[in-house]
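What you are looking at is a predicted structure, and each value in this text was computed from that prediction instead of being measured.
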Amino acid sequence: EAQVTQNPRYLITVTGKKLTVTCSQNMNHEYMSWYRQDPGLGLRQIYYSMNVEVTDKGDVPEGYKVSRKEKRNFPLILESPSPNQTSLYFCASSTLIGYEQYFGPGTRLTVT
Amino acid sequence: DQQVKQNSPSLSVQEGRISILNCDYTNSMFDYFLWYKKYPAEGPTFLISISSIKDKNEDGRFTVFLNKSAKHLSLHIVPSQPGDSAVYFCAASGGFGNEKLTFGTGTRLTIIP
């Protein structure tokens with residue numbers, strides 16, 4: 001089954017404790033992206049990747065890091081999480097930029 | 001700077017009637033538009049799209065209309081069904097070569113049985 005998977009689905013952590021949210025897709029997509037969804041703000045892009053070893057900033061990259069060492073995986077790293085990073089995070093992938101993106105189920109992160 | 005705007009946070013429609021969701025954009029470089037549907041506890045799923053070279057695209061009960069001069073697009077669902085109750089996001093892109101997909105804030109559609 002074609003899918004994008006994210007882990008964990010739910011995470012509660014404390015300020016400053018480094019964490020990684022994993023994202024994996026099995027569709028051989030070149031493009032992958034991370035978004036955060038906040039009430040009243042919709043989906044905002046954090047980082048995206050055009051292919052292996054190619055990443056770039058989206059609208060809200062501050063406080064986040066990403067890496068793309070393999071085509072299928074695109075982890076999101078919060079080196080020192082803060083409460084304003086409490087949000088619902090989605091990973092997505094696609095074959096062609098700007099066209100249909102497939103989303104993962106989301107990771108709800110709470111930073112206290 | 002919200003380049004894609006959905007001014008109605010919520011909409012309620014009677015089952016069987018037409019649902020119309022609206023979206024406005026400000027960036028004239030956008031040339032491809034998409035609608036996504038999102039159920040609670042799930043990721044958004046692609047619904048329908050339209051290129052700027054068209055003014056209408058239809059897929060079953062779903063039709064998207066694009067008015068480039070007004071920088072406005074709308075999604076029509078007819079007839080509306082209870083399973084259509086979800087949050088709908090419109091999104092816009094500058095097309096291939098532009099890496100960014102910009103989303104609106106979403107409209108929560110509730111279909112009343």
Side-chain angles (χ1 to χ4, degrees), chain A residues 1-10 21 23-25 27 29-51 54-61 66 68 74 88-108, chain B residues 1-10 21-27 29-54 57 59 62 64 86-108:
Chain A
E1 179 190 354
Q3 61 182 352
V4 178
T5 57
Q6 296 178 226
N7 282 292
R9 293 290 311 277
Y10 302 90
V21 183
C23 173
S24 182
Q25 50 93 5
M27 295 168 280
H29 285 166
E30 291 79 18
Y31 180 83
M32 296 186 75
S33 181
W34 277 102
Y35 297 88
R36 59 179 288 174
Q37 183 189 358
D38 301 289
L41 297 175
L43 288 158
R44 295 180 293 167
Q45 190 179 51
I46 303 170
Y47 268 95
Y48 63 92
S49 170
M50 298 283 284
N51 214 324
V54 180
T55 63
D56 209 344
K57 297 177 181 178
D59 286 327
V60 288
V66 292
R68 188 92 182 270
F74 191 43
L88 180 57
Y89 291 87
F90 291 101
C91 180
S93 72
S94 72
T95 54
L96 189 66
I97 306 308
Y99 290 79
E100 178 184 347
Q101 292 189 17
Y102 294 81
F103 282 79
T107 295
R108 185 166 291 283
Chain B
D1 176 27
Q2 194 75 30
Q3 296 187 67
V4 178
K5 301 177 185 179
Q6 294 176 256
N7 292 319
S8 299
S10 63
L21 294 91
N22 294 303
C23 180
D24 297 295
Y25 62 95
T26 58
N27 189 340
M29 297 300 291
F30 289 147
D31 62 0
Y32 199 82
F33 304 89
L34 308 92
W35 283 94
Y36 282 82
K37 177 179 180 178
K38 185 183 178 306
Y39 292 120
E42 295 182 11
T45 54
F46 170 75
L47 191 57
I48 192 169
S49 62
I50 187 167
S51 164
S52 61
I53 62 173
K54 295 185 174 183
N57 189 28
D59 183 3
F62 303 92
V64 56
V87 176
Y88 290 79
F89 292 97
C90 70
S93 170
F96 186 72
N98 182 326
E99 298 84 2
K100 191 171 180 55
L101 196 62
T102 302
F103 282 82
T105 52
T107 296
R108 181 177 301 278

Quiz item: Side chain, backbone, both or neither: which part of B:Pro44 has a non-hydrogen atom closer than 4.5 Å to chain A?
Solution: both

Practice problem: Side chain from CB out, backbone as N, CA, C, O: work out which of these in B:Phe33 comes under 4.5 Å of a heavy atom of chain A, or both, or neither. | Solution: neither

For [X], is it the side chain, the backbone, both or neither that has a heavy atom under 4.5 Å from a heavy atom of chain B?
X	answer
A:Leu41	backbone
A:Arg9	side chain
A:Gln37	side chain
A:Tyr102	neither
A:Asp59	both

Could you measure the distance from the [atom1] atom of [X] to the [atom2] atom of [Y]? Nearest 0.5 Å is fine.
X	Y	atom1	atom2	answer
B:Thr105	A:Leu43	OG1	CG	10.0 Å
A:Gln101	B:Thr45	CD	OG1	13.0 Å
A:Phe103	B:Tyr36	CZ	OH	5.0 Å

Exercise. Indicate the atoms forming the closest heavy-atom contact of B:Lys38 with A:Phe90, along with that distance.
Key: CE-CZ, 3.3 Å

Practice problem: List in chain and number order the residues that pass salt bridge (charged side-chain N to carboxylate O under 4.0 Å, His left out) with A:Arg68, two or more places apart in sequence or in another chain; answer none if no residue qualifies. | Solution: none

Quiz item: A:Thr55: what forms a side-chain hydrogen bond (donor to acceptor under 3.5 Å, both in side chains) with it, not counting sequence neighbours?
Solution: none

Quiz item: For B:Leu101, does its backbone N or O pair with a side-chain atom of A:Tyr48 as donor and acceptor, under 3.5 Å?
Solution: no

Quiz prompt | Within 6.0 angstrom of A:Arg108 CZ, more than 12 heavy atoms from elsewhere | solution = no

